[in-house]
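The structure under discussion appears below in the form of structure tokens.
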2 protein chains.
Amino acid sequence: MARIKDIAARAGVSVGTVDRVIHSRGSVAKEVEKKVKEAIEELGYKPNLAARSLAKRTDHRIAVVLPQHTKDEFWGNQTQGILRALDSCKNFGLRGDILSFNDQKKGELLKLTDSIFDGSYEALLIAPTVTGEATELMDRCESSGMPYVQINSFIERDGDSSLGYVGQDSYRSGQLGAKLLDFGISKGDQLGLLHMEYDVENSNHLVDKEAGFRNYLQHHGHHYTIYKRLSDIDDLKKIRYQINELLEEQPKLKGLFITTSRVHLICETLRMLNRDDIALVGFDIVKENIRALHNYKKLFLINQNPSLQGFYGVMRLFDHFLKNKSVTETMHLPLDIVTLENVSNHQYMQDRDNIALDKNEYD
Amino acid sequence: MARIKDIAARAGVSVGTVDRVIHSRGSVAKEVEKKVKEAIEELGYKPNLAARSLAKRTDHRIAVVLPQHTKDEFWGNQTQGILRALDSCKNFGLRGDILSFNDQKKGELLKLTDSIFDGSYEALLIAPTVTGEATELMDRCESSGMPYVQINSFIERDGDSSLGYVGQDSYRSGQLGAKLLDFGISKGDQLGLLHMEYDVENSNHLVDKEAGFRNYLQHHGHHYTIYKRLSDIDDLKKIRYQINELLEEQPKLKGLFITTSRVHLICETLRMLNRDDIALVGFDIVKENIRALHNYKKLFLINQNPSLQGFYGVMRLFDHFLKNKSVTETMHLPLDIVTLENVSNHQYMQDRDNIALDKNEYD
DNA sequence: TATGATATTGTGTGCGTACACACAAAAATT
DNA sequence: AATTTTTGTGTGTACGCACACAATATCATA
């Protein structure tokens with residue numbers, strides 16, 4: 001393994017010069033720089049990350065901005081992945097704080113602005129679920145030259161500070177849901193899509209899911225599909241009432257695509273109505289949905305790998321700071337189809353994205 | 001972050017003594033050892049891996065034993081994952097060589113014995129597809145105290161040197177295939193299982209897949225299922241002949257579970273026979289199967305995450321050597337259901353298990 | 001030619017750990 | 001009592017790199 005010292009010898013200069021070339025610190029004569037770069041090339045030099053992070057005196061601190069978790073699920077999978085990645089990076093000079101905000105209230109995200117930009121952070125990892133406010137934050141990043149990575153939701157923008165997006169491909173998840181339901185029903189049966197969220201228009205991912213769903217069905221001869229929003233999405237009785245109405249109107253309905261993790265409520269409802277012949281596709285491996293998998297045979301969950309989103313999001317910043325490598329491409333994580341038969345493996349993976357990250361001998 | 005030096009100060013000893021305690025090198029008075037351990041506890045000391053691997057003069061070398069790849073797919077996904085993991089570990093003192101063997105011929109695996117045990121390797125990562133010979137190798141590991149990790153196939157054994165298994169859960173994949181097919185057919189339709197491999201009995205994973213498949217169907221009222229082995233699995237004409245025969249015998253057959261990656265041959269056959277109404281479930285994201293996804297609508301692939309198997313297998317050895325942490329539990333990777341709609345994400349992931357492992361600035 | 005300014009290059013130190021070695025004190029042996 | 005041996009402990013160096021600083025070369029100007 002070639003070291004800086006070897007490069008220096010090869011190029012006939014000192015390690016200091018090589019260092020300046022590697023880090024573009026300037027003050028190097030052009031022909032010398034060329035010689036050094038050739039030496040680097042010829043010897044196939046790759047910096048030793050262990051040594052590099054050891055030699056760096058200062059940590060890189062990043063602010064992680066996430067929506068608050070609901071009480072009953074305090075450690076969201078997203079957070080888990082982030083914490084694990086941070087844990088594995090801490091020996092290599094990357095540290096992060098999680099700043100959470102209430103995404104149901106306006107203005108809560110922007111309240112974090114001061115903390116984020118008070119000088120203690122070098123980068124931002126953000127789940128921009130609240131489009132407007134998140135955009136403001138990212139603009140501020142641009143103007144102050146602070147790199148940022150988006151996870152979970154994506155707001156298209158092209159600034160120099162952007163380090164891209166790591167997250168799900170909602171459009172494809174819509175297609176996937178359509179394919180599954182299409183596969184599971186018989187000729188002549190009808191399909192439907194159900195939004196269970198308050199503010200659908202302002203949630204990019206819901207809009208995209210619907211678009212993907214429509215796209216698939218249009219290309220596969222389903223022209224009479226039902227698209228609906230539940231007005232009340234928490235109260236089981238009201239849900240039952242609405243669903244019952246829907247089923248009476250649409251006797252041929254045999255498959256429903258629920259665009260959020262609330263699908264377990266529909267499982268419960270349909271079981272009460274004795275209509276568990278209806279195939280369901282919903283989202284996310286959460287407690288209630290896992291339970292639903294046990295009770296409801298025709299249920300598939302699409303898992304968006306939340307913990308990997310967090311994990312790779314952090315890793316992108318790791319690459320940026322520790323490897324001098326800035327990835328900006330979109331990284332779409334796999335969409336997993338989860339059933340009772342494979343849910344255990346997925347749970348396991350969510351617990352431990354990387355065994356290398358596990359607590360070590362002195363934990 | 002507490003360092004060894006801090007522990008030493010706290011315990012009133014020198015760093016050398018702390019080092020001896022941490023690594024159980026002996027020559028430490030009992031009461032001193034206790035004091036040091038307390039200090040470690042109180043300060044929450046965690047070794048700095050960067051410094052550790054930098055200070056270690058010697059690399060840990062591991063032998064990776066894999067079946068040869070076929071010509072047209074030289075870099076198996078398995079190998080990819082392993083190479084990536086090795087690449088990311090090389091700065092941290094873990095190196096490995098891949099030793100491959102022809103698993104179609106008897107005795108080929110054992111020919112590697114001398115190379116493995118010639119003293120250049122400290123550990124073994126093995127895909128024990130050939131049960132008998134692999135067992136012999138692992139026994140040798142036990143008697144020489146060399147740790148080993150199994151990937152891909154699992155041979156149950158309990159020796160002190162075993163670092164467990166990282167791989168698929170074949171039984172569950174059989175259940176999963178059954179569930180999918182069951183979901184996709186109508187009442188009264190028939191299902192079947194097709195082995196496309198020469199030596200089914202000696203392939204644990206095929207036996208397990210069949211068992212899982214049977215299990216699911218038995219519990220869901222399918223009592224007339226067809227189980228079959230193709231005698232010729234390479235020649236398309238002969239396959240067509242056999243399949244044609246099968247379909248004539250079983251007019252109600254509407255779904256087939258293919259236990260190997262050769263499912264694309266069945267797709268082709270069924271298309272020629274104009275019978276693409278038959279739902280198919282097969283294994284693995286290989287070129288031919290990806291193509292098949294485009295041509296054959298009712299096809300699902302089960303992905304066993306081969307590259308993650310390799311990745312985590314190596315990481316286990318990383319933990320063992322660099323973190324003094326030995327995991328021995330079985331790690332079953334997620335079984336992904338892959339369709340045309342989500343295959344791109346999976347391909348992407350196979351290309352880059354971890355962006356942290358990507359080639360860096362001087363590649 | 002001397003002087004200073006600037007551009008370029010070299011040197012030294014420390015990051016946290018592992019490990020070889022030196023050394024002192026205590027114990028065992030003569 | 002003198003010696004060897006054992007046991008316990010501390011010290012110093014190196015790993016590869018980043019960075020501060022020292023040193024030297026180059027050049028324009030007086």
Side-chain angles (χ1 to χ4, degrees), chain A residues 1-37 39-40 43-60 90-95 321-324 360-362, chain B residues 1-36 39-40 43-60 89-95 321-324 360-362:
Chain A
M1 236 5 18
R3 303 154 300 170
I4 285 187
K5 203 195 276 185
D6 301 318
I7 310 291
R10 174 80 163 221
V13 296
S14 74
V15 293
T17 302
V18 177
D19 176 70
R20 277 185 287 273
V21 172
I22 288 177
H23 294 95
S24 312
R25 298 195 215 278
S27 294
V28 177
K30 281 225 182 72
E31 61 272 31
V32 174
E33 179 175 348
K34 200 180 145 219
K35 255 196 305 183
V36 170
K37 283 190 170 165
I40 285 176
L43 298 183
Y45 171 74
K46 313 253 181 67
N48 181 321
L49 291 191
R52 171 173 289 184
S53 63
L54 195 60
K56 265 197 201 305
R57 277 92 201 301
T58 132
D59 284 341
H60 297 279
K90 70 168 180 245
N91 283 153
F92 305 110
L94 191 72
R95 293 178 183 274
F321 289 119
L322 276 300
K323 290 183 149 189
N324 298 344
N360 64 22
E361 73 228 71
Y362 295 114
Chain B
M1 250 329 52
R3 305 156 299 170
I4 284 187
K5 205 194 273 185
D6 301 318
I7 309 291
R10 175 81 162 220
V13 296
S14 73
V15 293
T17 302
V18 177
D19 176 70
R20 277 183 286 272
V21 172
I22 288 177
H23 293 93
S24 312
R25 297 193 216 278
S27 292
V28 177
K30 277 215 189 83
E31 63 273 29
V32 174
E33 180 175 348
K34 201 181 143 215
K35 257 196 306 184
V36 171
I40 285 176
L43 298 183
Y45 170 75
K46 313 250 181 70
N48 181 321
L49 292 190
R52 170 173 289 184
S53 63
L54 194 61
K56 264 198 202 305
R57 276 85 201 306
T58 137
D59 285 341
H60 297 279
C89 288
K90 71 168 179 246
N91 283 153
F92 305 111
L94 192 72
R95 294 180 181 272
F321 288 120
L322 275 300
K323 292 183 147 190
N324 300 343
N360 64 23
E361 73 229 70
Y362 294 114

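All chains are named by letter (A, B, ...) in the order of the sequence lines, taking the proteins before the strands, and each is independently numbered beginning at 1.
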Side chain of [X], backbone of [Y]: donor and acceptor closer than 3.5 Å?
| X | Y | result |
| --- | --- | --- |
| Arg95(A) | Gly93(A) | no |
| Thr17(A) | Val13(A) | no |
| Arg52(A) | Leu322(A) | yes |

Does a side-chain N or O from [X] land closer than 4.0 Å to OP1 or OP2 of [N], or not?
| X | N | result |
| --- | --- | --- |
| His23(A) | dA18(D) | yes |
| Arg52(A) | dG16(D) | no |
| Ser14(B) | dT9(D) | no |
| Arg25(B) | dC19(C) | yes |

Give [X] one of three labels, base, sugar-phosphate or nothing, depending on what nucleic acid heavy atoms sit under 4.0 Å from its own.
| X | value |
| --- | --- |
| Asn48(B) | sugar-phosphate |
| Ser27(A) | base |
| Val15(A) | base |
| Arg20(A) | base |

Side chain of [X], heavy atoms from C-beta onward: which of [options] has the nearest atom to it?
| X | options | answer |
| --- | --- | --- |
| Ala29(B) | dC17(D), dG8(D), dT9(C) | dG8(D) |
| Arg57(A) | dG16(C), dG14(C), dC17(D) | dG14(C) |
| Ala55(A) | dC19(C), dC15(C), dC15(D) | dC15(C) |
| Tyr45(B) | dC19(C), dG10(D), dT17(C) | dT17(C) |

Rounded to the Å, how far apart are [X] [atom1] and [N] [atom2]?
| X | N | atom1 | atom2 | value |
| --- | --- | --- | --- | --- |
| Leu322(A) | dA18(D) | CG | P | 10 Å |
| Arg3(A) | dC15(D) | CZ | P | 7 Å |
| Lys5(A) | dC17(D) | NZ | P | 10 Å |
| Asn324(B) | dT17(C) | CG | P | 13 Å |
| Glu31(A) | dA7(C) | CD | C1' | 12 Å |
| Glu33(A) | dT8(C) | CD | P | 10 Å |
| Ile7(A) | dT9(C) | CD1 | P | 16 Å |
| Asp19(B) | dG8(D) | CG | C1' | 14 Å |

Please find the pair of heavy atoms, one from Lys5(A) and one from Val15(A), that lie closest to each other, and give the distance.
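Scanning both residues, the minimum pair turns out to be CA-CG1, 3.8 Å.
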How do Thr58(A) and Met1(A) order along DNA chain D: which one's closest nucleotide is nearer the 5' end?
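Checking each residue's closest nucleotide, the 5'-ward one belongs to Met1(A).
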Starting at the 5' end of DNA chain D and moving along, which residue's nearest nucleotide shows up first, Leu54(B) or Lys30(B)?
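Of the two residues, Lys30(B) wins.
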Please work out which of the three classes, parallel, tilted or perpendicular, describes the rings of Phe321(A) and His60(A), given edges at 30° and 60°.
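Parallel: the ring planes of His60(A) and Phe321(A) meet at under 30°.
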Salt-bridge criterion met for Glu31(A) and Lys35(A) (N-O under 4.0 Å):
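Looking at Glu31(A) and Lys35(A), the cut-off is not met.
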